[in-house]
Q: 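Submitted below is the structure of interest, expressed as structure tokens.
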2 protein chains.
Amino acid sequence: MTDPTEQTVNRVVAAPRTEGPRRGSTPEDNRLHNRALILRSLFHAGAVSRADLARSTGLTRTSISALVNDLASEGLISELGLRDDSRVGKPANLVGLRSDAYSIIAVDLSADDRFTGAVLDLSGAIVAREEIDGGTSTGEDAVEIALELCGRLAAAAPRRILGFGVSAPGIITPDGVVLEGVYRDWTDLPLAARISERFGAPAHVGNDANAAALGVRTYDRDAANSLLVVHLEHGVGLGVVIDGVLVRGERFSAGEIGHVTVDELGDRCGCGRRGCLETVIGTQHLTSRLAGEAPHDVGRRDEILEDAGRALGQVLAPVVSTLNLNDVIVTGPADLLTGPFEYSVLRTLRARTFPSIHEGLRVRIADTSRPLILLGAAALVLSAELGIT
Amino acid sequence: MTDPTEQTVNRVVAAPRTEGPRRGSTPEDNRLHNRALILRSLFHAGAVSRADLARSTGLTRTSISALVNDLASEGLISELGLRDDSRVGKPANLVGLRSDAYSIIAVDLSADDRFTGAVLDLSGAIVAREEIDGGTSTGEDAVEIALELCGRLAAAAPRRILGFGVSAPGIITPDGVVLEGVYRDWTDLPLAARISERFGAPAHVGNDANAAALGVRTYDRDAANSLLVVHLEHGVGLGVVIDGVLVRGERFSAGEIGHVTVDELGDRCGCGRRGCLETVIGTQHLTSRLAGEAPHDVGRRDEILEDAGRALGQVLAPVVSTLNLNDVIVTGPADLLTGPFEYSVLRTLRARTFPSIHEGLRVRIADTSRPLILLGAAALVLSAELGIT
DNA sequence: TAACTTTGTAAGCTTTACTGACAAATCAGC
DNA sequence: GCTGATTTGTCAGTAAAGCTTACAAAGTTA
């Protein structure tokens with residue numbers, strides 16, 4: 001059964017070490033780093049004093065003051081008055097991030113039939129929403145529709161625009177080139193550059209599930225430093241953040257887990273093989289299976305959902321063990337995911353991993369009132385433009 | 001080692017940053033960063049000129065010169081004479097890392113019965129080896145034996161000691177506390193601190209498989225930026241490096257994959273459950289199964305090894321898909337792993353992952369002539385003390 | 001031989017954060 | 001109520017790091 005020829009093919013594909021532009025850092029870079037540190041602190045901690053910032057960063061009060069005053073004169077942060085509790089010493093003057101300093105344009109291209117978008121302030125609050133019919137458009141048509149949506153949102157933005165953030169299905173490079181976007185038939189499309197050129201503002205494009213993971217990490221106060229988001233929509237997408245950093249993958253395909261085999265004898269998948277994860281937990285398959293087998297039988301319904309949860313748990317068990325993640329978030333139709341599915345995922349993960357791995361583990365279904373994919377798109381902007389993660 | 005007291009001055013770059021609250025960075029941090037950048041370049045690229053470094057880092061020739069001259073006066077790098085090819089302009093003066101600037105003490109505590117160690121130079125070349133009978137010692141006894149080994153190695157070191165690096169099985173914090181070391185019955189053992197105190201030099205301790213991953217990334221010129229090492233010895237350990245950074249996990253248990261279930265109906269495992277990965281590809285199980293079922297039957301032997309490879313492939317498929325890794329290295333007894341096992345792992349990974357994931361993927365069996373775990377221990381030191389990764 | 005290119009260094013400048021000192025505002029104790 | 005302790009934030013001056021500009025040295029090319 002050993003086939004050396006197969007192997008030799010493989011040895012040829014030696015992944016050249018992408019000797020990244022390991023840039024040296026200048027005093028200015030240093031300042032930018034510290035600036036981002038302050039913005040990050042204010043974003044997550046809310047109102048704090050200069051002295052608090054000095055303590056938490058290890059920088060001196062003097063340096064913090066200079067940075068804070070710079071940021072204040074740019075309008076990014078503002079004084080919030082005296083701290084009103086009673087303690088020894090001169091009362092602290094609180095500062096906080098001005099959530100209305102900029103508008104962020106976030107766009108979600110992950111749905112089948114429509115493109116949705118929103119204008120957000122820096123806190124992640126949605127200021128305006130827009131939606132446009134994407135139909136089954138592909139190629140340049142789809143690009144133009146997306147650009148049209150961006151334009152409407154830009155017009156609705158009440159403040160200067162910090163940047164455009166776009167979540168899309170597919171394989172996307174860090175500089176926003178869609179290498180493969182199957183649903184819209186996009187290949188090597190420089191989407192970020194297109195948006196940036198047309199609207200004269202920075203644009204960032206990321207895979208939908210990857211962006212969602214970043215979004216959870218950024219906007220969910222309760223999120224861990226490392227986490228995993230499973231995005232169930234047409235397919236199964238996955239996003240991973242490790243120690244606060246989004247994983248993109250050697251060829252930008254991180255999270256492309258929909259076609260991992262879970263059952264060699266399972267249903268035929270669109271990709272030509274059998275028993276892909278997508279064929280078991282993809283929402284289309286799931287809903288049609290529920291409709292077919294258990295239109296009114298609650299017990300059968302639960303069984304099907306538990307089977308699906310078990311499949312996901314089986315796939316995630318090695319991942320959770322490898323990365324020792326504690327935080328798994330599933331996003332998708334809540335009516336399907338809440339309950340039996342959710343419990344089955346956690347139960348399977350518990351049963352199939354070592355205690356030291358699953359002791360701190362939690363599995364949650366994302367609150368659908370928060371549009372995770374959109375927030376992820378916004379998080380791309382926040383991260384790239386202000387260093388807020 | 002000549003004089004242990006002088007080792008306290010040995011923090012060449014910076015104290016290992018215990019990532020507490022995010023620290024601000026000072027001009028000095030900046031310089032340390034750039035210093036490490038130069039060392040990293042020289043480590044991987046060999047001999048280059050100051051101008052080359054300026055181009056690759058983006059810093060000016062002036063700044064590079066200052067840094068290079070500092071490093072040279074510390075003895076870390078040295079001038080290597082003029083570049084002897086013929087090109088326009090003044091010939092470049094090459095500089096290179098002095099591999100004999102320091103000795104690194106590396107210790108491998110992962111074997112069942114013995115502790116092995118080596119003295120390495122900065123290039124990873126082994127200068128001396130020591131081995132000590134660890135027997136079935138546990139607790140403080142085992143610690144003392146390990147310290148004894150460290151002492152012998154320190155005595156054999158021809159240069160000042162950059163640091164001690166230790167690879168051990170178990171769950172270990174970044175600051176070198178062994179939280180759980182089952183084989184030696186260690187709990188909350190501050191091993192790094194113990195070594196550091198006794199010998200007056202920095203010490204770093206890491207999980208064996210994790211360290212091996214870092215070792216491959218550091219010393220294997222051919223390794224990718226992100227890679228995965230599977231370590232088959234008593235159990236199954238796994239180490240992951242993503243974008244050059246070692247993944248440690250939320251509770252420092254990253255890579256504890258030995259007890260992921262691969263077959264719910266499989267053999268009973270020591271952990272009390274059935275069908276753990278360890279029971280299928282653990283070398284003990286594998287050798288005893290081969291001895292029992294296929295003492296002379298080559299076909300049956302291949303079958304067993306292929307089954308084992310398939311099991312590993314099934315477990316790795318979700319991991320490889322999630323992280324989009326291209327480089328999987330398996331280390332362990334080469335006679336078992338080379339051939340059917342290896343091909344089966346790759347074949348299974350190909351069959352069970354999406355093409356965009358497995359297109360660049362390669363699976364390799366580690367060259368056993370290079371003691372990966374030891375090199376990993378050395379890489380811990382190189383990374384923490386000099387910023388070389 | 002002259003022009004051009006590249007390398008490495010020197011002097012002076014700019015930026016950044018640090019140190020030390022100090023005023024302002026509050027609490028704690030007598 | 002007053003004094004001392006504590007904390008906050010700012011100012012002036014200092015140290016360090018990298019940058020700009022200029023230049024000599026050493027080679028290739030026309």
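Numbers restart at 1 for each chain; the letters A, B, ... are given by sequence-line order, proteins then strands.
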Q: Measuring from the side chain of B:Thr60 (C-beta onward, heavy atoms only), which nucleotide among C:dT26, D:dG9, D:dT20 has the closest atom?
A: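 When the side chain of B:Thr60 is considered, D:dT20 is the closest of C:dT26, D:dG9, D:dT20.
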
Q: I need the CG-P distance between B:Leu67 and D:dA17, as an integer number of Å.
A: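 From B:Leu67 CG to D:dA17 P: 9 Å.
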
Q: Measure CG/B:Leu53 against P/D:dG18 and give the value in whole Å, please.
A: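 Going from B:Leu53 (CG) to D:dG18 (P), I get 13 Å.
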
Q: In whole angstrom, what separates B:Arg87's CZ from C:dT6's P?
A: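 B:Arg87 atom CZ is separated from C:dT6 atom P by 10 Å.
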
Q: Among C:dT9, D:dT10, C:dA17, find the nucleotide with the atom closest to the side chain of B:Pro27.
A: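 Among C:dT9, D:dT10, C:dA17, the one nearest the side chain of B:Pro27 is C:dA17.
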
Q: Side chain of A:Pro91 only, please: which of C:dA25, D:dG9, D:dT28 is the nearest?
A: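 Shortest atom-to-atom distance from the side chain points to C:dA25.
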
Q: Figure out the CD1/C1' separation between A:Ile64 and C:dC18, and round it to whole Å.
A: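 For the pair A:Ile64 CD1 and C:dC18 C1', the rounded distance is 13 Å.
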
Q: Would you give the length of the straight line joining atom CG of A:Leu53 to atom CG of A:Leu67, rounded to the nearest 0.5 angstrom?
A: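 Separation between the atoms: 9.5 Å.
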
Q: Between D:dC19, D:dG9, C:dA25, which nucleotide has the shortest distance from any of its atoms to the side chain of B:Thr62?
A: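 Nearest to the side-chain atoms of B:Thr62, counting from C-beta on, is D:dC19.
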
Q: Hey, is the side chain of A:Ser63 poking within less than 4.0 Å of OP1 or OP2 on C:dT16, counting only N and O atoms?
A: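 Negative; the distance criterion is not met.
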
Q: Taking atom CD of B:Glu79 as the centre, does the number of heavy atoms from other residues, nucleotides or ligands within less than 6.0 Å exceed 12?
A: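 Correct, the count exceeds 12.
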
Q: Just the rounded figure in Å: distance from P of D:dA17 to CG of B:Leu71.
A: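 After rounding, the reported distance stands at 12 Å.
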
Q: Quick check for you: to the nearest 0.5 Å, what is the distance between A:Arg35 atom CZ and A:Ile77 atom CD1?
A: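 Reported value, rounded in 0.5 Å steps: 9.0 Å.
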
Q: If I take atom CZ in residue B:Arg61 and atom P in nucleotide D:dA24, what distance separates them, rounded to the nearest angstrom?
A: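 Spelled out: CZ on B:Arg61 to P on D:dA24 is 15 Å.
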
Q: Output the single nucleotide from C:dG8, D:dC19, C:dA17 whose closest atom is nearest the side chain of A:Asn34.
A: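 Nearest listed nucleotide: C:dA17.
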
Q: Can you measure from CG (A:Asn324) to CD1 (A:Ile242) and round to the nearest 0.5 angstrom?
A: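 Separation between the atoms: 10.5 Å.
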
Q: Report, as yes or no, whether the 6.0 Å neighbourhood of atom CD on A:Glu74 holds more than 12 heavy atoms from other residues, nucleotides or ligands.
A: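 Yes.
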
Q: For A:Ala66 and B:Gly89, take the nucleotide of DNA chain C holding the closest heavy atom to each; which residue's nucleotide lies nearer the 5' end?
A: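 Its nucleotide being nearer the 5' end, the pick is B:Gly89.
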
Q: Starting from C1' on D:dA16, measure out to CG on B:Asp70 and report it in whole angstrom.
A: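 The answer, rounded to whole Å, is 12 Å.
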
Q: Could you state the CG-P distance from B:Asn69 to C:dA10, rounded to the nearest angstrom?
A: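 Whole-Å distance recorded here is 9 Å.
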
Q: Tell me the bend of the helix from C:dT1-D:dA30 to C:dC30-D:dG1 as the angle between end helix axes, each from five pairs, rounded to the nearest 10 degrees.
A: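 Axis-to-axis angle, ends of the helix: 10°.
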
Q: Does A:Val241 reach the side chain of A:Val247, with side-chain heavy atoms less than 4.5 Å apart?
A: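 They are not in contact (no side-chain heavy atoms under 4.5 Å apart), so the answer is no.
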
Q: Calculate, to the nearest 0.5 Å, the distance between atoms CZ and CD1 belonging to A:Arg55 and A:Ile64 respectively.
A: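 So the gap between those two atoms works out to 11.0 Å.
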
Q: Give the nucleotide from the list C:dC27, C:dT16, D:dT8 with an atom nearest to the side chain of A:Arg55.
A: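 Side chain of A:Arg55 sits closest to D:dT8.
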
Q: If only side-chain N and O atoms of A:Arg31 are considered, is one of them under 4.0 Å from the OP1 or OP2 phosphate oxygen of C:dA17?
A: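 Yes.
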
Q: Report the nucleotide, chosen from C:dG8, D:dG9, C:dA17, that has the shortest atom-to-atom distance to any side-chain atom of A:Leu59.
A: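 Among the listed nucleotides, the one closest to the side chain of A:Leu59 is C:dA17.
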
Q: Within less than 4.0 Å of OP1 or OP2 of D:dT10, is there a side-chain N or O belonging to A:Arg50?
A: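 Yes, within the criterion.
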
Q: When you check the phosphate oxygens OP1 and OP2 of C:dT15, does a side-chain N or O of A:Thr26 lie under 4.0 Å from one of them?
A: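 False: A:Thr26 side-chain N/O out of range (4.0 Å or more) of C:dT15 OP1/OP2.
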
Q: What distance do A:Glu197 atom CD and A:Phe199 atom CZ have between them, rounded to the nearest 0.5 Å?
A: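 Result: 11.5 Å between the selected atoms.
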
